[in-house]
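Atom set for the values below is all heavy atoms of this structure, side chains included, hydrogens, waters and symmetry mates excluded. Letters A, B, ... mirror the listed sequences (proteins, then strands); counts begin at 1.
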Amino acid sequence: AQKVTQAQTEISVVEKEDVTLDCVYETRDTTYYLFWYKQPPSGELVFLIRRNSFDEQNEISGRYSWNFQKSTSSFNFTITASQVVDSAVYFCALLDAGNNRKLIWGLGTSLAVNP
Amino acid sequence: DAGVIQSPRHEVTEMGQEVTLRCKPISGHNSLFWYRQTMMRGLELLIYFNNNVPIDDSGMPEDRFSAKMPNASFSTLKIQPSEPRDSAVYFCASSRVTGFAPEAFFGQGTRLTVV
């Protein structure tokens, strides 16, 4: 069965702190995709990043970085020097490349960055 | 590209009334998804179309819900009759799920309130 676990329900940090959001996934497929989405207080769901199962390279985009480790089935998201605008709910999701191409979602981590 | 366009953004209706939510996917995307988001249940996939054909409607809560995709550029989600427990934010998303960039892009959502 496929599953995405975001064990951290809520995180609260002070501005400029670094914060890591954890994502652990389960799948039997050898080809799959992992995603992170951001849902700010305004409510829209914003795509942040996709990682393919055959590409374990980590990625950095500005203050955001992602650490994909197949050995631990994890795809963690780190925000460096957090800002108030980073306050949002962050979702991790899994898509298998087989016939069932439904996104499997984590329950989300609510991040509050306080000034 | 204008992104996924949903209408209306907000809908308030009385119990028993018919509600129709509309979605225009991103041009060139071959898959369309309807999601519902509530505090209690999080993000739920209601139905998924591929090339205008419903592939998986197992998430549709009951017969009061129906969805159509008459062409590649338009989809509707209808609730008839509506009930207060249908109050939620309904998201439409589209993607090129069969390609190597299968990430879904979401509309702004429709906030439905049934009183």
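Atom CZ of Phe91(A) and atom CD of Gln37(B) lie 5.0 Å apart (nearest 0.5 Å). Here the CZ atom belonging to Phe106(B) is positioned 9.0 Å from the CD atom belonging to Gln39(A), to the nearest 0.5 angstrom. Here Tyr35(B) contributes atom OH and Leu45(A) contributes atom CG; the two are 9.5 Å apart, rounded to the nearest 0.5 Å.
Two residues are said to be in side-chain contact when any heavy atoms from C-beta on lie closer than 4.5 Å; Tyr37(A) and Leu43(B) fail this criterion.
With hydrophobic clusters built from ILVMFWY side chains whose heavy atoms lie under 4.5 angstrom apart, Phe77(A) shares a cluster with Phe68(A). Residue Trp66(A) is grouped with residue Ile11(A) when hydrophobic side chains (ILVMFWY) are merged at heavy-atom distances under 4.5 angstrom, including chains of intermediate members. Both Tyr33(A) and Phe105(B) are part of a single hydrophobic cluster, where members link through side-chain heavy atoms under 4.5 Å apart. Under the 4.5 Å side-chain contact rule for hydrophobic residues, Phe65(B) and Ile55(B) do not share a cluster. Residues Leu45(B) and Met69(B) do not share a hydrophobic cluster, defined by chaining ILVMFWY side chains whose heavy atoms lie under 4.5 Å apart.
Heavy-atom distances place both the backbone and the side chain of Ala104(B) under 4.5 Å from chain A.
Taking both residues in full, the closest heavy atoms of Glu103(B) and Phe47(A) are given as CB-CE1, 3.4 Å, listed atom of the first, atom of the second, then distance.
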